[in-house]
Amino acid sequence: MTFRVYFKSLVITAALALFGGGLFLYSGLYPMGADVEHNRFTYWLLETLRERSVARSADAIEVPPGLDSSEHLLSGGADYNDMCAGCHLKPGKTDSDFTLGLYPVPPNLTLAHDEHADADSGQIARRQFWIIKHGIKASGMPAWGPTHDDQRIWAMVAFLQRLPDLDPEQYQIITARGETNGSSHH
Amino acid sequence: MTIKRFNPIILLAALGLTLTVQAHSPKEHMTDAEQPNCKSMSNMDHTKMDTNDPVMQAMMKQCMKGMHPNESEQEEAQLDPQDDGKRSAEQHSEHQH
């Protein structure tokens, strides 16, 4: 008897929640503009969804040996400067039209990442490789895999590991494309 | 009929023009690429420079290439196919095949 009452109220609560959720969804009340931040609950929901998904997908990726080489830094640095610096900044810059206007805000990749301090360097590299190759849905982060092979993406990952160490002068020298013979970038 | 006889010639000419454009466009892009500002390297703290550091090696590679600035200028001067000599004729065939 008590079980049936309990069960009945559970079903009614679930139905009400579903109905209320649907009502909210169709009401158009949730602010969708990039200039209004998510509330904490939505933020937590989306962040958890993203981090769990990336971690699971990137888990099996093997990091190639010898990432930290001057060749990788030169290839990855020039690509980063051409394709990423507008959103992810470069040494000496603290904001751009993209960091001010996009939401989620593109993280400043010239800062040493402390939020993943507990992750080892292999985990960081795998995660970055996966994100660069596949992009992130419903954010400004594009997938670069369709237009760039894995080798070039790994070179960008290698560059990202050293980017927080670079001052503006070092960054300029390493990322400048001038004076190359151009053979590898046709 | 006369028109038909000229078609392959026009086609060849058009093809030649397209190939010339293709062969040169990456080079032309290179001319407005940013040059590494190697002068700033001489102001850096030399005591902190570690030649085993890939960052340092990468900078040295960038600036070694800058030691021969005249070569690239000569190449640019030869973009006009009319008046270039043997050397650039070799370059062209390299691009087109």
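Worth saying up front: this structure is predicted, and the values here are computed from it rather than measured.
- Between A:F7 and A:F3, the two ring planes are parallel [angle under 30°; tilted spans 30° to 60°].
- Ring centers of A:H88 and A:F98: at least 6.0 Å apart, outside the cut-off.
- Ion pairing between a basic and an acidic side chain is recognised when a charged N comes within 4.0 Å of a carboxylate O; A:D59 and A:R126 show no such pairing.
- Ion pairing of A:R177 with A:D79 is present here, as a side-chain N (NZ or NE/NH1/NH2) and a carboxylate O approach within less than 4.0 Å.
- Heavy-atom pairs under 4.5 Å with chain B peak, among A:Q172, A:H72, A:E169, at A:Q172.
- With a 4.5 angstrom heavy-atom cutoff, A:L73 touches chain B only via side-chain atoms.
- With respect to chain A, the highest number of heavy-atom pairs below 4.5 Å among B:M41, B:M59, B:M60 belongs to B:M59.
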